[in-house]
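Okay, so here's the structure we're looking at.
Chain A is the first sequence line, chain B the second, and so forth, proteins listed ahead of strands; every chain is numbered from 1. The model shown is predicted, which means the values in this text are computed figures rather than measured ones.
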2 protein chains.
Amino acid sequence: MHLDEPMGIFSKTCEYAMRAVFYIAQKSEEGQKVGIREIALHINSPEPFLAKILQKLSKDGLILSSKGPNGGFYVDSGGLQRPLADIVRAIEGDSIFTGCGMGLSYCSESNPCPLHEDFKKVRGQIVVMLQNTLIGKFNEGLIAGQLTLNK
Amino acid sequence: MHLDEPMGIFSKTCEYAMRAVFYIAQKSEEGQKVGIREIALHINSPEPFLAKILQKLSKDGLILSSKGPNGGFYVDSGGLQRPLADIVRAIEGDSIFTGCGMGLSYCSESNPCPLHEDFKKVRGQIVVMLQNTLIGKFNEGLIAGQLTLNK
DNA sequence: TAAATAAAAGATAAAAAACTCTTTTATTTA
DNA sequence: TAAATAAAAGAGTTTTTTATCTTTTATTTA
Ligand code: FES
Ligand code: FES
């Protein structure tokens with residue numbers, strides 16, 4: 001298994017989406033809309049690929065966008081209150097929240113895989129992390145420069 | 001994002017590897033070597049693809065193999081005591097143990113991403129799960145049929 | 001209304017992961 | 001020693017993910 005760039009538990013698509021949304025949230029809190037170029041630059045992602053991701057999130061209503069000069073992506077105050085889980089679910093689907101850690105097509109108490117008990121806890125902690133993380137949660141830290149979104 | 005089969009936190013390669021090793025361990029405890037066909041059948045994986053995975057694990061010394069009639073894959077008593085983490089690390093590399101949850105090229109205290117604190121805990125729990133799970137740990141449950149390796 | 005700006009959409013392209021097939025090598029046993 | 005068995009190795013193929021490029025549509029402002 002060859003690894004140029006490390007592979008985490010989320011797909012790249014999802015990682016870009018999470019970073020982008022935090023960046024947009026930060027700018028929205030400052031009252032600004034922000035273009036793809038600027039987002040890509042600040043979260044270190046390929047610009048046209050990011051465009052696709054943001055289009056999807058926008059179509060799903062998870063972020064907002066407007067065209068034309070002074071346009072760009074943004075979130076409203078309601079959006080700032082949504083959990084990061086919504087983003088992840090839109091990109092990765094549900095399986096990260098409910099799937100079996102060993103790849104069985106189900107995850108059930110009555111027919112558990114060997115990792116079932118332990119994995120349930122891990123999954124639970126991931127869910128808690130993503131549900132507790134509201135999109136606007138880190139705006140202060142980001143604005144203050146204590147937190148990072150680019151490599 | 002289209003999902004035929006759900007995507008978990010491990011790659012399919014890794015899922016097959018984990019399931020296969022548990023199956024081999026179970027058979028080894030019963031004193032039997034086991035062929036690829038039988039493993040693939042019992043863990044529900046594509047046989048030639050599984051062959052590749054087992055070749056890699058074998059080359060890395062994580063499982064043992066012998067050719068010819070009555071040959072097959074097996075683990076010795078030392079192998080039964082190794083943690084599942086060794087398998088996962090061989091297949092997925094290190095990043096699942098150390099990487100950043102949001103895809104930054106580093107994960108550091110001094111320059112953390114927004115999820116850093118929460119994600120450290122998740123990662124830690126994954127490490128604990130994989131380190132505490134010795135390969136022979138579930139042999140009784142598997143033999144007794146209380147645990148499942150196929151879909 | 002014309003020019004500039006910026007996202008949306010669509011069509012490809014490249015890379016990686018998942019999967020298959022064929023040939024070779026080693027081992028056993030009859 | 002010949003036949004059978006089973007893994008090893010190598011060379012593909014297919015599918016999915018990641019990334020790029022081009023054209024279109026909408027909006028703003030000068
Ligand atoms: S059955 Fe595998 S995690 Fe529940
Ligand atoms: S910097 Fe992202 S998890 Fe540590």
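Summarising the base pairing, dC21(C) is matched to dG10(D) through a Watson-Crick or G-U wobble pair whose two defining distances lie under 3.5 Å. In this entry dT18(D) has dA13(C) as its Watson-Crick or G-U wobble partner, both defining distances falling under 3.5 Å. Across every strand in view, dT27(C) sits in a pair with dA4(D) that passes the Watson-Crick or G-U test at under 3.5 angstrom.
Among the heavy atoms of the strands lying under 4.0 Å from Lys52(A) is at least one base atom, whether or not backbone atoms are also near. As judged by a 4.0 angstrom heavy-atom cut-off over every strand, Ile36(A) is placed among residues touching the sugar-phosphate backbone only. Among the heavy atoms of the strands lying under 4.0 Å from Pro48(A) is at least one base atom, whether or not backbone atoms are also near.
Comparing Lys59(A) and Gly71(A) by the nucleotide of DNA chain C that holds the closest heavy atom to each, the one mapping nearer the 5' end is Gly71(A). Judged by closest nucleotide on DNA chain D, Gly68(B) is the one of Cys14(A) and Gly68(B) placed further toward the 5' end. Nearest-nucleotide positions on DNA chain C place Leu50(B) closer to the 5' end than the other of Ser66(B) and Leu50(B).
Taking only side-chain nitrogens and oxygens, Tyr16(B) never comes nearer than 4.0 Å to OP1 or OP2 of dA18(C). Between Asn70(B) and dT29(C) there is a side-chain polar atom (N or O) within less than 4.0 angstrom of OP1 or OP2. For the pair Ser58(A) and dA8(C), the criterion of a side-chain N or O lying under 4.0 Å from OP1 or OP2 is met. Listed pair Ser65(B) / dA7(D) fails the phosphate criterion, with no side-chain N or O lying under 4.0 Å from OP1 or OP2.
Taking all atoms of both residues into account, the shortest heavy-atom contact from Leu142(A) to Gln26(A) is CB-OE1, 3.6 Å. Of all heavy-atom pairs between Glu140(A) and Lys137(A), the closest is OE1-O, 3.7 Å. Ala17(A) and Leu57(A) make their closest contact through CB-CD1, 4.2 Å (heavy atoms, listed as atom of the first residue, atom of the second, distance). Nearest approach of Ser58(B) to Ser65(B), heavy atoms of both residues: OG-OG, 3.5 Å. For the residue pair Cys100(B) and Phe119(B), the shortest heavy atom distance occurs at C-CE2, 4.0 Å. Residues Asn150(A) and His42(A) share a closest heavy-atom pair of CB-O, 3.1 Å.
Each of dA8(C), dT18(D), dT27(C) was ranked by its minimum atom distance to the side chain of Phe73(A); first place goes to dA8(C). Of the candidate nucleotides dT28(D), dT20(D), dT25(C), dT28(D) has the atom lying nearest to any side-chain atom of Pro69(A). Candidate nucleotides dA19(D), dT20(C), dT25(D) were compared by shortest atom distance to the side chain of Lys67(A), and dT25(D) ranks first.
Between Lys56(B) atom NZ and dG10(D) atom P there is a gap of 15 Å when expressed in whole angstrom units. As a whole-Å value, the separation of Gln55(B) CD from dG10(D) P is 9 Å. Per the geometry, CZ belonging to Phe49(B) stands 19 Å off P belonging to dT22(C), to the nearest Å. Between the P atom of dA7(D) and the CG atom of Leu54(B) lies a distance of 9 Å, rounded to the nearest Å. The NZ atom of Lys33(A) sits 10 Å away from the C1' atom of dT27(D) (whole-angstrom rounding). One can place CZ of Phe10(B) at 17 Å from C1' of dA17(C), the figure rounded to the nearest angstrom. Atom CD1 in Ile24(B) sits about 15 Å away from atom P in dA6(D), given to the nearest Å. Summarising the geometry, the separation between CG on Leu64(B) and C1' on dA6(D) is reported as 16 Å, rounded to the nearest angstrom.
Under 3.5 Å, the side chain of Lys12(A) and the base of dT18(D) form no donor-acceptor pair of N or O atoms.
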